[in-house]
Amino acid sequence: MKNTNAKILAWAATFALLGLVLVYVFEIQRFENTMGVNDMVWKSLAVGLTAGIFAGWRLACKGKEQVARLQIWATCLLGCLVFAPLFCSLANRLLSPHEPTLKQVEFFQEKPFFASRFGMLAGEKITPSGYYLFFSNQGKLERIKTKEQHFQGIQRGDTIEIWIKKGLFGYELVLMK
């Protein structure tokens, strides 16, 4: 009976880990449209390190041998460090009590980009995979990624309006497709 429970727990943990990786893949796309994402990631890594140290300290005593204790420490530290940015981004975006607002920013540039996993074929017509939108927000140049061109014909320095939602931790998200 104990062996069956251990197998069920192992399979559940495997599926949970795969689910987290899948959620991470989709959430990373949101990172590019979060203003101040580098600061958010570094702070979440600091929190993840602290949580990993605390969890490792609390759980390592359950290991019977030194190798088991080291494995527990490594799992706690790496798990918390790897998934801290994901949980921070999800909480910032999904638990925000703020409503999206239309904000005026200064347009800088909208630049097409091409991305392909396999490169270009000879004679292939190049169509943009998306656009980078550069704008100045409170004196700071920001870059977000969009699927479509939104501001064709707008000159550098013109004022544009974009939808921005302030997140739970204060990091703003640009809501554009």
Side-chain angles (χ1 to χ4, degrees), residues 9-101 103 105-106 108-111 113-117 129-147 162-177:
L9 185 62
W11 278 105
T14 301
F15 284 123
L17 182 62
L18 288 174
L20 281 172
V21 169
L22 185 66
V23 170
Y24 222 139
V25 167
F26 289 111
E27 190 64 22
I28 278 190
Q29 297 170 359
R30 310 269 186 176
F31 279 35
E32 292 189 8
N33 289 2
T34 303
M35 291 188 274
V37 70
N38 289 338
D39 184 54
M40 181 182 76
V41 168
W42 282 110
K43 286 180 179 175
S44 68
L45 287 173
V47 170
L49 179 66
T50 304
I53 289 171
F54 179 73
W57 176 70
R58 295 281 294 171
L59 298 174
C61 62
K62 295 186 184 223
K64 293 182 176 144
E65 297 178 12
Q66 185 67 23
V67 173
R69 288 191 287 274
L70 286 174
Q71 289 172 337
I72 291 170
W73 268 102
T75 301
C76 290
L77 281 174
L78 289 176
C80 288
L81 276 174
V82 168
F83 290 109
L86 170 66
F87 293 131
C88 182
S89 179
L90 285 171
N92 185 60
R93 184 171 60 84
L94 298 175
L95 300 177
S96 172
H98 306 285
E99 291 295 321
T101 58
K103 189 171 185 181
V105 295
E106 183 181 331
F108 185 78
Q109 180 182 19
E110 194 167 34
K111 191 174 186 179
F113 69 88
F114 174 76
S116 173
R117 292 182 196 161
S129 303
Y131 294 85
Y132 288 122
L133 173 62
F134 296 88
F135 60 91
S136 178
N137 181 34
Q138 299 173 352
K140 185 177 178 190
L141 187 64
E142 300 284 353
R143 182 191 86 170
I144 63 161
K145 192 176 185 180
T146 62
K147 292 181 182 178
I162 56 177
W163 286 98
I164 294 179
K165 180 179 181 180
K166 187 174 183 177
L168 178 68
F169 303 126
Y171 298 101
E172 296 178 318
L173 299 107
V174 178
L175 306 174
M176 291 182 82
K177 290 188 178 188

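- Closest of all the heavy-atom pairs between N92 and Y171 is ND2-O, 3.1 Å.
- Looking only at side-chain heavy atoms (C-beta outward), P85 and L45 come within less than 4.5 Å of each other.
- The two residues K166 and S96 come nearest to each other via the heavy atoms O-OG, 2.5 Å.
- Residues F169 and A91 approach most closely at CE1-CB, 3.8 Å, considering heavy atoms.
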Exercise for review: Report the C-alpha distance between F87 and S44 in whole Å, list the side-chain angles of each, state the deciding distance to 0.1 Å, and finish with yes or no for side-chain contact (heavy atoms from CB on, under 4.5 Å).
Suggested key: CA-CA 8 Å; F87 293 131; S44 68; over 6 Å; no
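- Scanning for side-chain contact (heavy atoms from CB on, under 4.5 Å) contacts around T146 gives E110, Y131, I144, H150, M176, with sequence neighbours left out.
- Applying the salt bridge (charged side-chain N to carboxylate O under 4.0 Å, His left out) criterion to K147, with sequence neighbours excluded, gives no partner residue.
- Between Y24 and F83, the ring planes lie tilted relative to each other; the angle falls in the 30° to 60° range.
- With sequence neighbours left out, the side-chain contact (heavy atoms from CB on, under 4.5 Å) criterion links L59 to K62, I72, C76.
- Judged as a salt bridge (charged side-chain N to carboxylate O under 4.0 Å, His left out), not a single pair has a partner in residues 13-26 (not counting sequence neighbours).
- Every side-chain hydrogen bond (donor to acceptor under 3.5 Å, both in side chains) that N137 has, sequence neighbours left out, goes to K103.
- With values rounded to the nearest 0.5 angstrom, L70 atom CG is found 11.0 Å from E65 atom CD.
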Exercise for review: Under the side-chain contact (heavy atoms from CB on, under 4.5 Å) rule, what do V174 and L133 come out as? Steps first, then yes or no, please.
Suggested key: CA-CA 11 Å; V174 178; L133 173 62; 5.9 Å; no
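- The salt bridge (charged side-chain N to carboxylate O under 4.0 Å, His left out) analysis of residues 69-98, with sequence neighbours excluded, yields the pairs E27-R93.
- If you take NZ on K165 and CD on E99, they are separated by 7.0 Å, rounding to the nearest 0.5 Å.
- Shown here is F113, whose CZ atom has more than 12 heavy atoms of other residues, nucleotides or ligands within 6.0 Å.
- Using modelled atom types, no side-chain atom of N33 and backbone atom of L175 make a donor-acceptor pair closer than 3.5 Å.
- Going from atom CD of Q138 over to atom CD of E172 covers 6.5 Å, rounded to the nearest 0.5 Å.
- Residues L77 and G52 come closest through the heavy atom pair CD2-C, 3.7 Å.
- Here the CG atom belonging to L17 is positioned 11.5 Å from the CG atom belonging to L22, to the nearest 0.5 angstrom.
- Residue I162 holds its CD1 atom at 3.5 Å from CZ of F135, rounded to the nearest 0.5 Å.
- A distance of 11.0 Å separates CD in Q71 from CD in Q66, rounded to the nearest 0.5 Å.
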